[in-house]
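What follows is one structure encoded as structure tokens, with my remarks underneath.
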Amino acid sequence: MEHILTYFKDLTLQQKEQFAALKSVYESWNTKINVISRKDMDSFYERHVLHSLAIAKVQVFNPSSDIMDVGTGGGFPGIPLAILFPEVNFTLVDSIGKKIKVVKEVAKEIGLENVTAINSRVELIDKKFDFIVSRAVTQMPEFVKWIKGKVKKDGKHELPNGILYLKGGDLSEELATFTNVQLYNISDFFTEDFFETKKVVYLRIK
């Protein structure tokens with residue numbers, strides 16, 4: 001938890017309680033449905049929660065915004081972002097049903113009311129969003145195909161509507177065909193060694 005409190009100092013009591021509850025809830029569910037490796041569970045707040053919240057250092061979501069988390073797995077980055085932005089609507093999508101079961105139960109257990117979890121392929125989601133977030137589910141050209149037609153035209157944020165994507169390593173080849181892309185080094189926001197090569201990739205969708 002100290003990782004979260006170091007970088008996000010204005011949390012309400014409810015948000016602090018929800019973040020504090022996350023690890024034990026995930027540990028409990030992880031014994032039934034494995035969504036987080038044992039190694040990563042030891043660094044849960046750093047590698048999952050704080051990593052997810054890096055997106056909030058690039059763009060603060062306005063109240064009533066609609067955000068979709070594609071390939072959410074066990075709920076990352078969607079669940080931590082939903083705690084941080086309680087007035088924002090989050091739709092968490094994954095094609096694997098047991099992962100969505102975990103997402104639903106975690107949201108329920110910590111009292112998150114702004115999360116809708118859907119077991120589906122993203123191509124079948126019939127709705128538009130302000131931003132689409134994800135954590136390295138596939139190469140960006142493929143990802144852009146998946147979410148085609150799902151980003152609202154009219155923006156109400158500092159950044160124009162688009163994709164906010166958590167990815168690591170050398171991305172030059174993967175992003176070579178995109179002219180409207182910006183990279184944010186997570187190490188500029190968080191000092192932990194884990195984030196040294198990690199980035200938030202922002203891609204504007206026109």
Treat each ILVMFWY residue as a node, draw an edge where side-chain heavy atoms are under 4.5 Å apart, and state whether [X] and [Y] are in one component.
X      : Y      : result
Val133 : Val88  : yes
Met140 : Ile55  : no
Tyr202 : Val144 : no
Val58  : Leu203 : no
Val70  : Val200 : no

Give a yes or no on whether the backbone of [Y] and the side-chain of [X] come within a donor-acceptor separation of less than 3.5 Å.
X      : Y      : answer
Ser52  : Phe76  : no
Lys128 : Gly149 : yes
Asp170 : Ser172 : yes
Asn180 : Arg204 : yes

Taking salt bridge (charged side-chain N to carboxylate O under 4.0 Å, His left out) as the test, write out the residues that go with Arg121, two or more places apart.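 Partners of Arg121 under the salt bridge (charged side-chain N to carboxylate O under 4.0 Å, His left out) test: Glu123.
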Tell me every residue that passes salt bridge (charged side-chain N to carboxylate O under 4.0 Å, His left out) with Lys167, counting only those two or more places apart in sequence or in another chain.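 Once residues adjacent in sequence are excluded, the partners of Lys167 under the salt bridge (charged side-chain N to carboxylate O under 4.0 Å, His left out) criterion are Glu174.
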4.5 Å side-chain heavy-atom contact, [X] and [Y]:
X      : Y      : result
Val115 : Val106 : no
Leu166 : Ile186 : yes
Thr191 : Thr6   : no
Ile67  : Ile132 : no

Separation between [atom1] of [X] and [atom2] of [Y], rounded to the nearest 0.5 Å:
X      : Y      : atom1 : atom2 : value
Met41  : Arg47  : CE    : CZ    : 12.5 Å
Ile96  : Thr72  : CD1   : OG1   : 11.5 Å
Lys57  : Phe189 : NZ    : CZ    : 8.0 Å
Phe190 : Leu53  : CZ    : CG    : 6.0 Å
Gln59  : Phe131 : CD    : CZ    : 4.5 Å
His48  : Ile36  : NE2   : CD1   : 4.5 Å

Who are the side chain to side chain donor-acceptor pair (under 3.5 Å) partners of [X], not counting sequence neighbours?
X      : answer
Tyr184 : Gln182
Glu17  : none
Gln14  : none
Thr177 : none

Using the ring pair (Phe, Tyr, Trp, His ring centres under 6.0 Å) rule, collect all pairs that involve residues 133-155, keeping only residues at least two apart or in two chains.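 Listed by first then second residue: Phe143-Tyr165.
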Can you pull out every ring pair (Phe, Tyr, Trp, His ring centres under 6.0 Å) where at least one residue sits in residues 77-118? Sequence neighbours excluded, please.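 For residues 77-118, and leaving out neighbouring residues, the ring pair (Phe, Tyr, Trp, His ring centres under 6.0 Å) pairs sorted by first residue read Phe61-Phe85.
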Atom of [X], atom of [Y] and distance for their closest heavy-atom approach:
X      : Y      : result
Ala21  : Ile110 : CB-CG2, 4.0 Å
Ile100 : Leu92  : CD1-O, 3.7 Å
Ser134 : Asp69  : CA-OD1, 4.0 Å
Ala107 : Ile79  : CB-CD1, 4.3 Å
Ser120 : Val93  : O-CG1, 3.3 Å

With Leu11 via side-chain contact (heavy atoms from CB on, under 4.5 Å) - residues at least two apart: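 side-chain contact (heavy atoms from CB on, under 4.5 Å) list for Leu11, sorted by chain: Ile4, Leu5, Phe8, Gln15, Lys16, Phe19, Leu84.
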Exercise answer: donor-acceptor pairs, residues 154-164 side-chain atoms, under 3.5 Å, sequence neighbours excluded:
unit_1	atom_1	unit_2	atom_2	d
His157	NE2	Asn62	N	2.9
His157	NE2	Ser65	OG	3.2
Asn161	ND2	Lys152	O	3.0
Asn161	ND2	Asp154	O	3.2

Within a radius of less than 6.0 Å around CD of Glu113, do more than 12 heavy atoms belonging to other residues, nucleotides or ligands occur?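 No, because the 6.0 Å sphere around CD of Glu113 holds 12 heavy atoms or fewer from other groups.
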Is there any side-chain hydrogen bond (donor to acceptor under 3.5 Å, both in side chains) pair reaching into residues 82-107, and which pairs are they, with sequence neighbours excluded?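 Those involving residues 82-107 are Asp66-Asn89.
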Quick test of your reading: applying side-chain hydrogen bond (donor to acceptor under 3.5 Å, both in side chains), list the pairs with at least one residue in residues 23-36, sequence neighbours left out, ordered by first then second residue.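 Listed once each, the pairs are Trp29-Glu109.
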Per the side chain to side chain donor-acceptor pair (under 3.5 Å) rule, which among His51, Glu46, Glu192 passes with His3?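 The side chain to side chain donor-acceptor pair (under 3.5 Å) with His3 is passed solely by Glu192 among His51, Glu46, Glu192.
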